[in-house]
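Take a look at the structure set out below.
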Number of protein chains: 4
Amino acid sequence: MSAARNPAERRRRIVEAACDLIPEVGVGGLTHRLVAARADVPLGATTYYFKTLGDLVAAALEAAAELTAEWLRRWAGELASAADVPATLAALTAAYLRERDRMVTWNEMYAAAGHRPELRPLARAWNDGLTEVLAAHVGPEAARRAAVFVDGAVLHALVNDDPLDQDALAGALAALMTQP
Amino acid sequence: MSAARNPAERRRRIVEAACDLIPEVGVGGLTHRLVAARADVPLGATTYYFKTLGDLVAAALEAAAELTAEWLRRWAGELASAADVPATLAALTAAYLRERDRMVTWNEMYAAAGHRPELRPLARAWNDGLTEVLAAHVGPEAARRAAVFVDGAVLHALVNDDPLDQDALAGALAALMTQP
Amino acid sequence: MSAARNPAERRRRIVEAACDLIPEVGVGGLTHRLVAARADVPLGATTYYFKTLGDLVAAALEAAAELTAEWLRRWAGELASAADVPATLAALTAAYLRERDRMVTWNEMYAAAGHRPELRPLARAWNDGLTEVLAAHVGPEAARRAAVFVDGAVLHALVNDDPLDQDALAGALAALMTQP
Amino acid sequence: MSAARNPAERRRRIVEAACDLIPEVGVGGLTHRLVAARADVPLGATTYYFKTLGDLVAAALEAAAELTAEWLRRWAGELASAADVPATLAALTAAYLRERDRMVTWNEMYAAAGHRPELRPLARAWNDGLTEVLAAHVGPEAARRAAVFVDGAVLHALVNDDPLDQDALAGALAALMTQP
DNA sequence: TATGAATGAGTCTTCATTCAT
DNA sequence: GATGAATGAAGACTCATTCAT
């Protein structure tokens, strides 16, 4: 299971290292050297597995999106068995707002997509996914509104020491999801 | 009024050039050389007026925040004379969602603040300012909710070809601002 | 006859690919990767069949020299049955001056020999061979003069859009081959 | 007159170093590092004065062409006062055939022009210049023939230990320049 | 035998920053 | 005060070559 002579594992480790680094240094701060050091592979390995740094960045963002997909599955599960959907979503969101690394990563994703159009589909994954999950409980418009609000709350939490608390979230989400 | 032999004007031109460049190349893409070329000043001028590149970036982001302050004053004016506050806010927001450069700049601001804590107060300017403006019309909680939603809509527009339209915005904002 | 599992054929394909590439990228532009891709063989094959890149280059230049040998045989045949040797040589040369790839390859050969003395015998093949062919018709001194002139004409054609035309060549070659 | 803080001199030294290196390592062997070391300037200086390596190479080849222009002026002088033009040209050529570095440099020039069309005008300088010089003494056709022959002799000398001797050159050049 | 993986040296290039003028 | 020159560190990327399999 070691990384040496195990291409898939090696590649995975490089991507994982890049992913880990994004919240620390940002997408723009990623360098071959930094990733290689974090992944504990030789410098040459990063260019062997990824033709360009852009490719490596894209792979890292894809991995981040994939992690988010798992995240979404958990949210879907919780909401499926929820008595009060907006309240449950508020609780889940409140927990999310305390995961600084994840929030920073997603903001980096949005910023990267702002400059590299080919990343936009990737950057849509989270919000579209959440909208879809919510649409199982409320109409598509209400679902979109709520998902958009969640992202706004993330942006707010990113630069405020006191993010919106669960009550505030619940109030807003209930308003957005209840209205026709 | 020429830039030569006019320190204040020169400095202003450099900052303006940096500001202009942010939507094009991102905060991470700013370099002394690039800014100097755009501002049409000698390379030395950029380091003469700003001790480090970080200082120049900060000045550019401050300028962006200042532009936003003007923006906010306009929104305050429009809302002061509005019959229907949520609808007017929706109209203003819909217009904002078509200003790609401005949105990209703000997202760069959030991303930068995610990595450089000293920029967080600056990054709060827009959302806090908008909250304050709205608080003149609805309670502070509703104002915050609405402002947060607007930022979520910006994020959405950044990566979607079809941003939320004015009706969708109006519906959501009305829900958020009407509920107690 | 396929290349797989047929060492000789595989080697031949590699050399041929390298030879093809010389006019395109120059001797200095040859790389294992480039040759492997062009020959459609795995990267490892190029180092398996040739200990070093220099060996591969040498093999490619040898192949180019061998192609030239065929070329020379044709010229010998044409001249053997020629009524007017200088005029026939002029016609053959004029045709050569339109074969850009071949000229570039030979110039690369000369340039390579300028830096790698071990290649000099190879680089002499063309001119010595031509001299020998011509010596069957005129004396050795005249043969050498004519061969030297032909190479000068190639160099001229390499950097001029209008190479020497057949009449000019015929005049010069007649003068060189007729004089004692 | 030191190179420090003397841009023109600095640039000159870099170009001169590059020029010196061409016969040793070939145009393809030039690197920023090599040139910087030979010129005894920091690595950064080579890229400061020449945006790309290609620019540096071009500057070096231009310098080589300029040296050749001086060379040509000398030949023009010698021929102007010559009793026997072909014999004098043969003597000058024989001397040239012993200047290995110069010959290698010119062959590199031709090879480089073979791959970089923008260098072709530069590569024509020598032969066109010589043709012009000779045209003052014989007709333009004879002048071109003779110049072409000289270049052929250079190519021959490049890969033969025994270049054409002065007598052989004189015979050939007389034949070429005497015929109408 | 054959080959994909691996890597370390080396390439061009960019750039923040310093500093002499 | 102002600026062009200067440079060393660092970055992305390429590649010959080695080697485990």
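These values consider heavy atoms only, across backbone and side chains, with no hydrogens, waters or symmetry-generated copies. Letters A, B, ... are given to chains in the order of the sequence lines, protein chains preceding strands, and every chain is numbered from 1.
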side-chain contact (heavy atoms from CB on, under 4.5 Å) assessment of A:Thr31 paired with A:Leu53: CA-CA 7 Å; A:Thr31 67; A:Leu53 182 59; 5.6 Å; no

CA sep, side-chain torsions, deciding dist, call: C:Leu34, C:Leu21, side-chain contact (heavy atoms from CB on, under 4.5 Å): CA-CA 8 Å; C:Leu34 201 54; C:Leu21 282 165; 4.0 Å; yes

Steps toward side-chain contact (heavy atoms from CB on, under 4.5 Å) verdict (C:Trp106, C:Met103): CA-CA 5 Å; C:Trp106 266 94; C:Met103 292 194 292; over 6 Å; no

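When distances run from any side-chain atom of D:Thr47 to the nucleotides E:dT13, F:dA5, F:dC13, the shortest one goes to E:dT13. Each of F:dA16, E:dT3, F:dA2 was ranked by its minimum atom distance to the side chain of C:His32; first place goes to F:dA16. Set against E:dT17, F:dT7, E:dT7, the side chain of B:Leu43 has E:dT17 as its closest nucleotide. Nearest to the side chain of B:Leu53, among E:dT13, E:dA16, F:dG4, sits E:dA16.
Counting to the nearest Å, the C1' atom of F:dC13 and the CG atom of A:Leu56 are 13 Å from each other. Taking atom CZ of A:Phe50 as the reference point, atom C1' of E:dT7 lies 17 Å away to the nearest angstrom. In this structure, C:Leu21 atom CG and F:dC15 atom P are separated by 12 Å, rounded to whole Å. Atom OH of B:Tyr49 is separated from atom C1' of F:dT3 by 11 Å (rounded to the nearest Å). As rounded to whole Å, 11 Å separates atom C1' of F:dG1 from atom CZ of B:Arg10. Here the P atom of nucleotide E:dA2 and the CD1 atom of C:Ile14 are 10 Å apart, to the nearest Å. Distance NZ (D:Lys51) to C1' (E:dC15): 11 Å, rounded to an integer number of Å.
Between B:Gly44 and B:Gly29, the residue anchored closer to the 5' end of DNA chain E is B:Gly29, taking for each the nucleotide with the nearest heavy atom. Judged by closest nucleotide on DNA chain F, A:Thr31 is the one of C:Thr52 and A:Thr31 placed further toward the 5' end. Of the two residues contacting DNA chain F, namely A:Tyr48 and D:Tyr48, the nearest-nucleotide position lying further toward the 5' end is that of D:Tyr48.
Contact annotation: side chain of B:Arg33 to base of E:dA16, donor-acceptor pair present below 3.5 Å.
Looking only at side-chain heavy atoms (C-beta outward), C:Leu30 and C:Leu56 stay at 4.5 Å or farther from each other. A:His32 is not listed as a side-chain neighbour of A:Phe50, based on a closest heavy-atom distance of 4.5 Å or more.
Checking side-chain atoms of A:Glu108 against main-chain N and O of A:Gly26 turns up no donor-acceptor pair under 3.5 Å.
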Bracket string, DNA chain E, 5' to 3' - pairs by Watson-Crick or G-U geometry under 3.5 Å, | interstrand: .||||||||||||||||||||

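Side-chain atoms of B:Glu24 and A:His115 include no donor-acceptor pair closer than 3.5 Å.
In this structure, C:Leu30 reaches the sugar-phosphate backbone alone: every heavy-atom distance under 4.0 Å involves primed, P, OP1 or OP2 atoms, never a base.
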